[in-house]
Each structure stands twice: as C-alpha cells, then as structure tokens.
Amino acid sequence: MKVLVAVKRVVDYNVKVRPKADGSDVDTANVKMSINPFCEIAVEEAVRLKEKGVVSEIVAVSMGPKQCQEQIRTALALGADRGIQVETDAELQPLAVAKCLKALVEKEEPQLVILGKQSIDGDNNQTGQMLAALTGMGQGTFASEVNVEEGAVKVTREIDGGLQTVELTLPAVVTTDLRLNEPRYASLPNIMKAKKKPLDVTNPEELGVDIAPRTKTLKVEPPAERQAGIKVADVAELVEKLKSEAKVI
Amino acid sequence: MSILVIAEHDNAELKGATLNTIAAAKAIGGDIDVLVAGNNCAAVGEAAAKVEGVAKVLVADNAAYEHQLAENVAKLVADLGKNYSHVLAPATTTGKNMLPRAAALLDVQPISDIIAVESADTFKRPIYAGNVIATVQSSDAIKVASVRATAFDPVSAEGGSASVESVDIVDDAAVSKFVGEELAESDRPELTAARVVISGGRGMQNGDNFELLYKVADKLGAAVGASRAAVDAGFVPNDMQVGQTGKIVAPDLYIAVGISGAIQHLAGMKDSKVIVAINKDEEAPIFSVADYGLVADLFDAVPELETKL
C-alpha cells in the first residue's frame, strides 16, 4: 500500500526564536531551518512500515517556498520514494494545508497518511485532524504505536490519563507523538541517492485550493519574564520561606 | 453572541478543565451553552447545569459518543456549532483531537490553546513552545478555539440553574472503533488540577528513586510529574511528563527536583505561582525561573524536606 507523509520546514528546535523589534512577526532571518521533529518521526514510521513489507511506496509532501524542497530531500534520504512540493510563497494556515493535502490524497489515493501531531513553530496541532475531517477518514492522533492489519490500522494514542487504542478503517490519518519511534540518521550514500529521486512540483491553484488566510497575527511579543528569586541555604530555610513568605504550604 | 462549550468528562463526572473553558467563554461574553456528548452521561449533564453562568446544557447521550471518538463527536459539534458565534473546548488531548476536526467541517481555521481573550474575535496564544505570544484575530464567521485551562481561573461549579435539553442527533461515522485504554491509577490528584506538583528529572537516576518524591507528595497532597528527560530515560510513564509536549501545569507550588530546566520543560510549568528548584548544579537554568532555589544533592534534600513538612 501507499503512504503519504507530510513534512514541514520549521525553525530548528535548537534555535531560541525572538519576536522582531516591531512585534510584527518572529525573527527568522538567518536562522537554521530543519524538518519539524514530529514530521521526522512520521517519515521514520512510514519507512519502518515499508521495511516490514506493509508499505510499498512512500510519498513525501511539503508545502511552501522553494526551500522546503530541502525537507523533502531529507525525507527522501530517510527512505521516502518520491516527493511532491506544493509551491507557494504565501502564508499557509493549517486549514489551507489540510485542503491541499486533501487534493493530493484524492490524486494519490494513499491508504495511510502520516503527519506530525504538531509543528514546533505554530504549535497548532490541527492539520491531521482537519485532513481527516475533509476526507472523511478516521484519525489516530498522538500515536505512540501503529499496527497495520487487514483493511484497518490499530493506533495507540497518548492521552491525558494514559494510553488509548483505537481501530481505524483504512484509509486513515495518523499523527505522531514523540515516543512513536526514534528517527534514524540519513547515511551519506542515501543523501546522495535522494538527490536523484523524483520530486514533482505543483501549487495550490493547480490543486484548486483557496489558501486565503482566515486569521491574522496582529502582534507577537515575548512572554512575561519570570524573575529569578533567591537561593536558600538549606531545607529548613526553604520550608520556612514556603510557610511564612510564600504561604503555599 | 452565543457560545458553545464542549464539556470534558468521563460519562460520570464533569472534569475541571470545563470550568476554566467556561471562564474563557465568560471573558468573551454572551450566552453560554454546554454540550455534554457521551453515553449514560445524565449525571454530567446535571453537574454542568449547576455551573455558574451556564444558560443551557445540551446532552447527547448515545453509545456513539461513549469514548469521545473524534469522528463522531466532531460531526455532532459541527452540526450544533453552526448556530453559535463561538465553539470552545478545553485544550486537553480530547479537545485537541476533536476540535480541529469539527472546525474543518465548519470550514473554520481554529485557534489552538488560547491563554487570553482580547475581544470576541481576538485571542492570545503561545507559539514556539511558549517563547513567543501571538495575538491572533479570526475572520471566520464562527470562532473555534481550544482553551488552555491553566490560563483561566475556573468558574464556580455551583450556583447555576441551567435548563437541560437532550439532543437526538446521532453521528456515527463508522470509521473508528474504541479498542481499549490503559489509564494510570493513582490516589494522588491529577497533574493539571493539583494545587502542588513535585516533579523529578534526569537527576533522579532511576524510577525507584521517584519513591522519594511520592513520599513528599503524599505529605503535601501533591501530584507527581517528570521532565521529558526522565520519561525518555524510562524512569516513569509518559503521562507524567510536564512540558511543551506533555502536560501544562500552573499549580500554586511547583517543586522541580533534579531538573535542569530545558526550554521544553519550562514551557509546561513556568506559569506556576511559586517555583522551587532543588538541583546540585548551581548553573542549572531552572534556577533562573525559581522563586526559591536550593543548591543541594537531592538525595539529601528531598528526604530532609519530607521530615520537615
């Protein structure tokens, strides 16, 4: 079966981002960009399913300006078979991404779509659920285990109180949580090979998707800074301060 | 304006996060209705009717909604939500699973994890793991938002007298099935609802040493959490993780033990009222957010703390 994996280009997780001085947006000039960590886990899961013989083809999709081809190439180096870029320089909000993915799902007819549960820039945690809604597919979000069976997929999900397992009819959408797997590193030969794998480019207009933003960011600002407090000398002083000063115990 | 709040519950009890979400609805202003979708959940409906400020409770009681399967509940929420100006749900794993699906069915771009209401269409929300706060305005006809419970003080669970109506709509998408769940059993309070939280990090060295924290927790009536490092090392199960990708907590007192204070952890606890850090590394970043820092070996300090409480 075929799997579609969505990957997003985001500010690298090691970079501490800051708002621009005018508060209009986050300052991403000259900042290292990478594949979103949750998307990397999605690619890894697809590759493992292929290694198990469950999956025959992995298609990696990314959306955005030309540079997001780098993240598609990363996915190809990790083991995806071909790539599709939906090219646009415009801002893409999760609903628009879900609509573009829906158009690609109709064209490619994958049995499984695997996405990261959220991207570490917008922290929205929406796209997988919205793609599932628009295509009528079942959704296994925040997955910590994925087992494909005949015509169905069992997904163990990380929920607030522990774990929940659901069974979804295929085709289905899965979004990855942190502990689903540990992504491998791409080997140099695979990075070289990835450069020769096919990568098609389309755009939202060709897919017939209206990507007009529905929300507007009016301002970005740093969070209220927390002031460092005092150092206490010993446990006795700590307990005393908590009782008489902070009055929390 | 009219606001539909989706109740968080387990078919028996109304969960506290619902009260924080109703507080966010009050900040927007307008009539507040609460939807209880579940199975044999009449008691939850009655509890919701008593909540301060609720006008009407809608109870959709059907086997299709028993396990909060997003495929079924989202359809119901979209069916009902089109008659409202706002649809809100707590930003719990249940809410985060269901709400975007409902929003897509309404052709709405939802707003996740709001921490403040600026006006009926403008909200604040954290991005980049809480390193940046964005003010976001929605142009959709219906505003759909998930609410970070710790950012809003809960409304009172008593004092209301809402009417209760049953909803007959049965949405069963028949593409998903509940198989089972493993829920952590504990006599201690829930992490996100506890007044005191004590968390351990990699410095705990192994899962057995968490026993030290449990002893302190039992004296304080506290919940026990962990950093991602401790969870990834296998010391404790992942539902104990506090942080950007785990639970967001904001208790009156947060005690971080053997936690260095990675950004990802701070994102989950820095809104706590009082923060205590116990760490033997005096350069640990956790001290930069702690009200009271104790530079000490946790294996000496924690047992001593227990005896002094």
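Since we're looking at a predicted model, the values are computed, not measured. No hydrogens, no waters, no symmetry mates; every other heavy atom, side chains included, goes into these values. In the text below, chain A, chain B and the rest are named by the order of the sequence lines, each starting its count at 1.
Listed for the A:Asp27 side chain is a donor-acceptor partner under 3.5 Å among the backbone atoms of A:Ala29. B:Asn279 places a side-chain N or O within 3.5 Å of a backbone atom of B:Asp281 that can act as its donor or acceptor partner. In this structure a side-chain-to-backbone donor-acceptor pair under 3.5 Å is missing from A:Glu167 to B:Phe178. In terms of modelled atom types and a separation under 3.5 Å, the side chain of A:Asp177 and the main chain of A:Ala143 share no donor-acceptor contact. Checking side-chain atoms of A:Gln93 against main-chain N and O of A:Thr215 turns up a donor-acceptor pair under 3.5 Å. A donor-acceptor distance shorter than 3.5 angstrom exists from the side chain of A:Gln129 to the backbone of A:Asn125, with no hydrogens or angles considered.
Of the atoms belonging to B:Ala184, heavy atoms from both backbone and side chain fall under 4.5 Å from chain A. For chain B, the nearby parts of A:Leu163 are the backbone and the side chain; heavy atoms of each come within less than 4.5 Å. For B:Leu191, no part sits under 4.5 Å from any heavy atom of chain A, backbone or side chain. Contacts between B:Ala173 and chain A at a heavy-atom distance below 4.5 Å are absent for every atom of the residue. Heavy atoms of A:Ala224 lying under 4.5 Å from chain B are absent altogether. No part of B:Glu306 comes within reach of chain A, as not one of its non-hydrogen atoms sits under 4.5 angstrom from that chain. Using a 4.5 Å cut-off between heavy atoms, A:Val248 touches chain B through backbone and side chain atoms alike. Interface remark: B:Leu183 contributes backbone and side-chain atoms alike to the contact with chain A (heavy atom separation under 4.5 Å). Proximity to chain B is absent for every atom of A:Glu237, based on heavy atoms less than 4.5 angstrom apart. Looking at A:Leu218, both its backbone and its side chain come within 4.5 Å of chain B, counting heavy atoms on both sides. Proximity to chain B is absent for every atom of A:Tyr13, based on heavy atoms less than 4.5 angstrom apart. With a 4.5 Å cut-off on non-hydrogen atoms, A:Val232 touches chain B through its backbone and its side chain both. Residue contact with chain A, scored on non-hydrogen atoms closer than 4.5 Å, involves the backbone and the side chain of B:Ala134 alike. B:Gln137 touches chain A through backbone and side chain together, each having a heavy atom under 4.5 Å away. Residue B:Lys270 touches chain A through both its backbone and its side chain, counting heavy-atom pairs closer than 4.5 Å. Neither the backbone nor the side chain of A:Ala98 comes within less than 4.5 Å of any heavy atom in chain B. When heavy atoms are compared at a cutoff of 4.5 Å, B:Val108 approaches chain A solely by way of its backbone atoms N, CA, C and O. Contacts between A:Leu242 and chain B at a heavy-atom distance below 4.5 Å involve the side chain alone, from C-beta outward. For A:Val11, the part lying near chain B is the side chain, with the backbone staying farther off; criterion is any non-hydrogen pair under 4.5 Å. At a 4.5 Å heavy-atom cutoff, the contact between B:Pro110 and chain A is made by backbone and side-chain atoms alike. Neither the backbone nor the side chain of B:Ala78 comes within less than 4.5 Å of any heavy atom of chain A.
Side chains of B:Glu8 and B:Thr18: a donor-acceptor N/O pair is absent below 3.5 angstrom, by distance only. For the 3.5 Å distance criterion, the side chains of A:Thr141 and B:Asn97 qualify, holding a donor opposite an acceptor. Residues B:Gln241 and A:Arg179 bring a donor and an acceptor atom of their side chains to less than 3.5 Å of each other. Side-chain atoms of A:Glu245 and B:Tyr292 include a donor-acceptor pair closer than 3.5 Å. Side-chain contact, A:Ser144 with A:Thr156: no donor N or O sits under 3.5 Å from an acceptor N or O. Side chains of B:Asn238 and A:Glu158: a donor on one and an acceptor on the other come within 3.5 Å. Residues A:Gln164 and B:Glu182 have side chains that never bring a donor and an acceptor to within less than 3.5 angstrom of each other. Side-chain atoms of B:Gln264 and B:Arg228 include no donor-acceptor pair closer than 3.5 Å.
Chain B forms more heavy-atom pairs under 4.5 Å with one residue of A:Leu95, A:Val26, A:Thr169 than with any other, namely A:Leu95. With chain A as partner, the option from B:Asp300, B:Asp140, B:Val274, B:Asp252 having the largest number of non-hydrogen pairs under 4.5 angstrom is B:Asp140. The most heavy-atom pairs under 4.5 Å with chain B, out of A:Pro222, A:Gly136, A:Pro223, come from A:Pro223. Among B:Leu253, B:Leu294, B:Leu69, the residue making the largest number of heavy-atom pairs under 4.5 Å with chain A is B:Leu294. Across B:Leu99, B:Val302, B:Val231, the residue that shares the most heavy-atom pairs under 4.5 angstrom with chain A is B:Val231. When B:Asp107, B:Leu266, B:Asp271 are compared by the number of non-hydrogen pairs under 4.5 Å with chain A, B:Asp107 comes out ahead. Of all the listed residues (B:Val136, B:Thr192, B:Asp291), the one sharing the greatest number of non-hydrogen pairs under 4.5 Å with chain A is B:Asp291. Among B:Met240, B:Glu185, B:Lys124, the residue with the largest count of heavy-atom pairs under 4.5 Å with chain A is B:Lys124. Taking chain B as the reference chain and counting heavy-atom pairs below 4.5 Å, the highest number among A:Asp25, A:Asp121, A:Val166 is found for A:Asp121. Chosen from A:Thr217, A:Leu134, A:Val17, the residue pairing most often with chain B at heavy-atom distances under 4.5 Å is A:Val17. Most heavy-atom pairs under 4.5 Å with chain B, from the set A:Lys241, A:Met137, A:Lys216: that is A:Lys216.
Partner of A:Asn181 under the side-chain contact (heavy atoms from CB on, under 4.5 Å) criterion, out of A:Glu145, A:Glu40, A:Glu44: A:Glu44 alone.
With a 6.0 Å cutoff to the six-membered ring centre and a 45° limit on the axis angle, A:Lys231 counts as a cation-pi contact of B:Phe287. Judged by a 6.0 Å distance limit and a 45° cone about the ring axis, A:Lys117 is positioned over the six-membered ring of A:Phe142.
Using a 4.5 Å heavy-atom cutoff, the side chains of B:Lys247 and A:Asp160 are in contact.
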